[in-house]
Amino acid sequence: MKAPVLNRKLVLEAPERLPDGAGGFTTSWVARGEVWAEVRPGTGREKALEFMTVATIPFRITLRAAPEGAPSRPTPEQRFRSGARIFRILAVTEADAGARYLTCFAQEEVSQ
């Protein structure tokens with residue numbers, strides 16, 4: 001495997017459920033740290049919803065590995081943020097046989 005070019009700074013965020021005061025919960029996102037990553041887009045698609053069109057774009061995000069259970073290791077319920085862009089993590093796996101890098105399969109949704 002050719003070493004990835006880790007040239008994008010991303011913020012790893014985790015969801016936190018907070019009471020909304022009316023018996024329910026709201027989700028707030030808490031920063032877990034910053035990572036340097038290689039971000040590669042896949043082929044996007046578009047679908048029409050009731051009142052808007054949503055473009056879905058898959059991404060492969062590669063970053064340095066972290067041990068299982070470490071707070072810096074991404075998990076599928078988390079997301080990456082780059083400015084106003086948000087990449088929802090769908091799955092995480094080792095990118096190489098030496099487990100030096102992780103590949104996160106992520107999705108960016110853009111309302112049009």
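Counting begins at 1 with the first residue of the sequence. All heavy atoms count here, side chains included; hydrogens, waters and symmetry mates do not.
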Look at the side chain of Gln107 and the backbone N and O of Arg88, then say whether any donor-acceptor pair between them is shorter than 3.5 Å. no

Does Tyr101 offer a backbone N or O that forms a donor-acceptor pair with the side chain of Asp96 under 3.5 Å? yes

Which residue, Arg32, Gln78, Arg79, forms the side chain to side chain contact (heavy atoms under 4.5 Å, CB included) with Glu13?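 Looking at Arg32, Gln78, Arg79, the match for Glu13 under the side chain to side chain contact (heavy atoms under 4.5 Å, CB included) is Arg79.
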
Which one of Val30, Ile89, Thr75 satisfies the side chain to side chain contact (heavy atoms under 4.5 Å, CB included) criterion with Leu12?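 Only one option passes, and that is Ile89.
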
Measure across [X] and [Y] and return the closest heavy-atom pair with its distance rounded to 0.1 Å.
X	Y	result
Arg17	Phe25	NH2-CD1, 2.7 Å
Thr62	Ala95	CG2-CB, 4.5 Å
Ser82	Phe87	CB-CE1, 4.1 Å
Ala65	Ala99	CB-O, 3.2 Å
Pro58	Thr43	CD-O, 3.2 Å

Could you give the distance from [atom1] ([X]) to [atom2] ([Y]), rounded to the nearest 0.5 Å?
X	Y	atom1	atom2	value
Glu38	Ile61	CD	CD1	10.5 Å
Phe105	Leu90	CZ	CG	9.5 Å
Ile57	Arg85	CD1	CZ	7.0 Å

Glu94 with Arg73: basic N within carboxylate O range, under 4.0 Å: yes

Evaluate the side-chain proximity of [Y] to [X]: yes if any heavy-atom separation is below 4.5 Å, no if none is.
X	Y	result
Asn7	Trp36	no
Val39	Leu10	yes
Phe80	Leu63	yes

Check the surroundings of atom CZ in Arg81: do more than 12 heavy atoms from other residues, nucleotides or ligands lie under 6.0 Å from it?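 More than 12 within 6.0 Å, yes.
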
